[in-house]
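Have a look at the structure below, then the notes.
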Amino acid sequence: MELDAKITGKEAKSESKNSSEVFASCLFSSLGLHPALCDQLKERLGFEAPTLVQAQAIPVVLSGRHVLVNAATGTGKTVAYLAPIIHMLQSYDERIERADGTFALVLVPTRELCMQVYEILQKLLHRFHWIVPGYIMGGENRGKEKARLRKGVTILVATAGRLLDHLKNTSSFVHKNLRWIIFDEADRILELGYGKDIEEILGCLGTGNLKSGSKDISTVNSGVQKQNLLLSATLNDKVNHLANVSLENPVMIGLDDNMSGSRTHNVSLESNGVDIVKESRKALDTSNEEYKLPTQLVQKYIKVPCGSRLVVLLSIIKHLFETGASQKVVVFFSTCDAVDFHYSLLSEFKWTALQTKTEVCQKFLGCKMLRLHGSMNQEDRKTTFQAFKTDKSALLFSTDVSARGLDFPKVRCIIQYDSPGEATEYVHRVGRTARLGEKGDSLLFLQPSEIDYLKDLEKHGVALTEYPLLKLLSSFPVYNMKQPASRFISMEMHPLLIALQRALESFVSMEPKINKLAKEAFSSWVRAYTAHRGELKRIFMVKKLHLGHVAKSFALKDQPSLVNRSIQKQLKKRKRNDQLNVKQRVKSKKRSIVKS
Ligand SMILES: Nc1ncnc2c1ncn2[C@@H]1O[C@H](COP(=O)(O)OP(=O)(O)OP(=O)(O)O)[C@@H](O)[C@H]1O
């Protein structure tokens, strides 16, 4: 991994190869975009040439067809839909006015992505002042949003819940001219449980309630020619349904190839009701779908026993920041509590490996630290988001709220400390690095009992190699060590890790605030672990967890008894449910045998 990398000649060559895999050999102007828009792309965003996915998608969007885009993370999908829509809006014979209301709606899964798309829009619309961008999202002031909608927003970026709220309650929201609906990260919107909201939204906008065989969704209810676009680096089964209810005769871009979508598929469906899976089974059979990952991304995993997880994480982060002059690293956790605990712990913990009398204890990590999760207040979320965008060197602790679509420049390493669950989420988390042909590394933490997760990833064409931890640890100086660290074959026996664990436990036991955070994080971590669904339940088995070791991974000397009781209750409930399910299955089997 990028722990000790210098750019070699070979890597430099591969970077230029990456560039030819990402960029198309044409100009934006040759794709049919207005010269002023091409100037904006260059002047405001610094884009000289289109990426491959932009070169494929822009002419198709300009043609008015519905589109489903499936291209790797960081390949430029945002501009692939924004640029052609702006082009078409500026070309109306009669200039658009604010009173005409909303013409294009971009639906996104998170508030941060909402702001990011809005910021790009602002830059692209600089010369087209009559086309007004706007956003509405959870956490913002409804009254101010109402006022903006009343004045008129031409291109509106929104999260699903807040949009539905305004569709129902803001009578001054004009959308009779709506022509485009874009689902950015379509699969995630649905995974977050907004499927029903989306159907309601489509209903309110005149493109919903479309059952198989319904005629023409392009002009339903309004007479305005409609065009819908769905985009994601990964697709899931639910997208198939959304594609069915929202796309008509779509062009599929990037659905069949290995990298960046080098071919365009023009799959013509007979009607909106035709199942896309039937037409392009390979494309949307998501159980074994091969995901597109940036080819230059270096993916590693590390096998760590539960009780050593925390000290191994800390050692790796420390090494990353001490060896890289400027680093941006994201660490993903499964819960908000875990983010808060690790953030607070590392912000305050002081320690030095060479505990000599003369040496003054310093902060364990000297780098800037940030945290981002959905339970933070809106202002803090915004500040963190902007800070991590502009910082040259920082460590971000985050939940999956950062996993989708966010474009933090120059992130060099992604650490998945808590496993992502679905393989799709793995792909999006690592996609925060290695964007647009840049270098990037990722490291996945797995416990020995979870190692089969690698097979799950392999089914989707994702292959990882093992990270040599002992080699890294041997480079740390440890006080009073008689033999070289490389002699310690077992991770648990490593003197650095033992000393660090002891120091962390004593620190957490003496700091009431952090101790409380540790207990809460422990409890919600176990809850999140029990929540794995389907196939993943076989890999992440709560039964196999040693709760004492889990406590150790939160620097707790003892397993919190109170918390443990509530978890025990949960575990018992789950066991009871499992037994009930087995009994029911046996009963129904008997019944079917009797019937036959
Ligand atoms: N033509 C271009 N030239 C140079 N940079 C570009 C171009 N198009 C996009 N970029 C940059 O590439 C990065 C990735 O773009 P974008 O966020 O649109 O990717 P994406 O495919 O939507 O990624 P994800 O799947 O993670 O959402 C951004 O920093 C963007 O500014």
Side-chain angles (χ1 to χ4, degrees), residues 18-31 33 37-58 61 67-85 106-110 112-124 157 182-189 229-235 239 253-254 259-261 291-294 296-297 328 330 385 388-390 400-411 414 424-440 442:
N18 285 330
S19 141
S20 68
E21 279 175 351
V22 172
F23 289 99
S25 51
C26 63
L27 297 171
F28 280 110
S29 52
S30 67
L31 301 175
L33 295 176
L37 182 54
C38 298
D39 289 349
Q40 293 303 280
L41 283 162
K42 194 168 172 188
E43 285 162 21
R44 299 264 151 189
L45 295 173
F47 296 180
E48 300 278 344
T51 62
L52 281 173
V53 71
Q54 288 161 359
Q56 289 155 28
I58 289 170
V61 180
V67 183
L68 177 60
V69 180
N70 176 223
T73 50
T75 49
K77 292 188 283 296
T78 319
V79 160
Y81 64 81
L82 288 183
I85 288 173
V106 182
L107 271 163
V108 292
T110 64
E112 284 72 19
L113 189 53
C114 195
M115 287 191 286
Q116 182 175 296
V117 174
Y118 172 71
E119 280 167 18
I120 299 169
L121 258 179
Q122 276 185 312
K123 289 183 184 156
L124 286 177
V157 193
I182 300 101
F183 299 93
D184 197 347
E185 308 287 350
D187 54 326
R188 185 62 182 163
I189 303 176
L229 320 172
L230 249 81
L231 304 100
S232 182
T234 53
L235 300 171
V239 174
I253 292 174
M259 168 69 198
S260 309
Y291 293 133
K292 300 171 175 64
L293 285 138
Q296 75 282 11
L297 172 70
K328 264 161 99 171
V330 184
F385 173 65
F388 198 60
K389 263 191 178 242
T390 46
D400 277 333
V401 78
S402 302
R404 289 288 183 136
L406 298 194
D407 184 52
F408 297 116
K410 307 261 175 238
V411 172
I414 300 296
T424 46
E425 284 328 291
Y426 173 92
V427 171
H428 289 279
R429 282 176 169 191
V430 298
R432 296 319 98 208
T433 187
R435 295 175 74 71
L436 212 73
E438 290 212 339
K439 276 155 60 95
S442 70

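Keep in mind that this is a model prediction, so the values were computed, not measured. Atoms within a ligand are numbered from 1 in the order they appear, just like the ligands themselves.
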Exercise. Would you call the rings of F47 and F28 parallel, tilted or perpendicular, where under 30° means parallel and over 60° means perpendicular?
Worked result: parallel
Problem set entry | Closest approach of K389 to D407 (non-hydrogen atoms, all atoms of both residues) | NZ-O, 3.6 Å
For this session: Identify, chain by chain and in numerical order, each protein residue with a heavy atom under 4.0 Å from an atom of ligand 1.
Result: F23, F28, F47, A49, P50, T51, Q54, A72, T73, G74, T75, G76, K77, T78, E185, G405, D407, R432, R435, L436
Problem set entry | Side-chain donor-acceptor pair present, T234, D187, cut-off under 3.5 Å | yes
Problem set entry | Contact check, side chains of L113 and L406, non-hydrogen atoms, under 4.5 Å | yes
Exercise. Going from CZ on R188 to OG on S232, what distance comes out if it is rounded to the nearest 0.5 angstrom?
Worked result: 10.5 Å
Exercise. With a cut-off of 6.0 Å (strictly less than), are more than 12 heavy atoms of other residues, nucleotides or ligands near NZ of K410?
Worked result: no
